[in-house]
Amino acid sequence: MIDSDFIAGLPKAELHLHIEGSLEPELMFALAKRNGIAIPFASVEDVRAAYNFSRLQDFLDIYYAGADVLREARDFHDLAAAYFDRAAADGVVHAEIMFDPQTHTARGVAFETVITGLLSAIDEAKAKHGMSVQLILSFLRHLDEADAIATLDAARPWVDRIGAVGLDSSELGHPPEKFARVFAQARALGLKLVAHAGEEGPPEYVYQALDLLGVDRLDHGNRSLEDPLLVTRLARSGMTLTVCPLSNLKLCVVDDMTAHPIDRMLREGLRATVNSDDPAYFGGYIADNYRAIAAARGLGRDDLVTLARNSFLGSFLPDAAVTAHLARLDAYVAQAPAE
Ligand code: HPA
Ligand code: ZN
């Protein structure tokens, strides 16, 4: 039996979430109407029916098209506010969320519009849910590095409100080495560094993310398991992997949830976490990801608690905040009714 309520109440951090990927079809329609935009779908059911992907690029094509309804600061606010409400209901007490400025600036939406909308929702989430949130500015790797550098330059006035930079979009053919200079610039600004690597790309891309970008955390990282030396290195260095089970299933990174390697990662000493990636597109938010993996792999409370513990250890929060979150997690486990 799945420990559904235990999972929902388990205090946790979400470390891999694309805010544009939390755009539910209902909100897509509402924003299309509010902004007078035509979308190529007749109904919410039509949109959901289109969400069948056999690889990352199938999804990205629809994800970028969907983002076109986001035009005004209040759209970004409403998008993020809806995510924070759902995350809070799923036990998320801290979230480090990615946004893709280039998806918007390329359509003529100013960086300022995007970030002011997101920041207003972040301030509200703190007041409403007691949730802390950090922003991860993610570069689109299918674009060139000059575009990423221009994006980092546009972000400079808000750098105090950004926690990290990331790297997402089409992985194959766009290795981390393409972005070594912009990542060095971000590090010089005091930002943390993350990158998607080893989702579809080979272990070589993970090595590049470590050695050429110097990432502080690895998004996905699944294909690291193909290289025992890399697994040892990741385990010894305590590198956090932000694993996204429902995403892995929808994008065919795994054939079946029963074949998901999450427990193998834990057994091999990797600091794996569970996250939702693009929940509106992949069929569930973070608690659904915990539930899906618990059901498919028969995870018990010990493993679920380890995953939640790892989410705080792998966060970019200061040590004192992590310590406080771990104490609350222990208190929750101690008082939880027996299975
Ligand atoms: N991989 C790469 N790029 C993305 C993803 C992902 O899972 N989600 C949104 N952009
Ligand atoms: Zn992702």
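Counting begins at 1 with the first residue of the sequence. Numbering of ligands and ligand atoms starts at 1, following listing order. Remember, it's a predicted structure, so these values are computed and weren't measured experimentally.
Protein N/O/S atoms nearer than 2.8 Å to the Zn ion (ligand 2) total 4.
By the 4.0 Å heavy-atom criterion, Ser169 is counted among the residues contacting ligand 1. Heavy-atom distances between Asp219 and ligand 1 stay at or above 4.0 Å for every pair. Ligand 1 lies nowhere less than 4.0 angstrom from a heavy atom belonging to Glu20.
For the side-chain contact (heavy atoms from CB on, under 4.5 Å) with Pro101, the qualifying choice from Leu140, Val114, Leu137 is Leu137, the only one to do so.
Residue pairs that meet the ring pair (Phe, Tyr, Trp, His ring centres under 6.0 Å) test with at least one member in residues 204-257, sequence neighbours left out, are His16-His220, His196-His220. Within the structure, the ring pair (Phe, Tyr, Trp, His ring centres under 6.0 Å) test picks out the following pairs touching residues 147-179 (sequence neighbours left out): Phe111-Trp158. Applying the side-chain hydrogen bond (donor to acceptor under 3.5 Å, both in side chains) test to pairs two or more places apart or on separate chains, those with a residue in residues 307-317 are Arg309-Asp330.
Taking the centre and axis of the six-membered ring of Tyr290, the NZ or CZ atom of Lys12 falls inside the cone set by 45° and 6.0 Å.
At a threshold of 4.5 Å between non-hydrogen side-chain atoms, the residues Arg141 and Glu171 count as touching. Between Tyr63 and His18 the shortest side-chain heavy-atom distance falls below 4.5 Å.
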How far apart are the C-alpha atoms of Asp3 and Leu10, what are their side-chain angles, what is the distance that settles it, and do they pass the side chain to side chain contact (heavy atoms under 4.5 Å, CB included) test?
CA-CA 10 Å; Asp3 227 349; Leu10 190 64; over 6 Å; no
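Close contacts between ligand 1 and Leu60 involve ligand atoms 3 (N), 4 (C), 10 (N) [criterion: under 4.0 Å to a heavy atom]. The ligand atoms of ligand 1 that sit less than 4.0 angstrom from a heavy atom of Phe59 are 8 (N), 9 (C).
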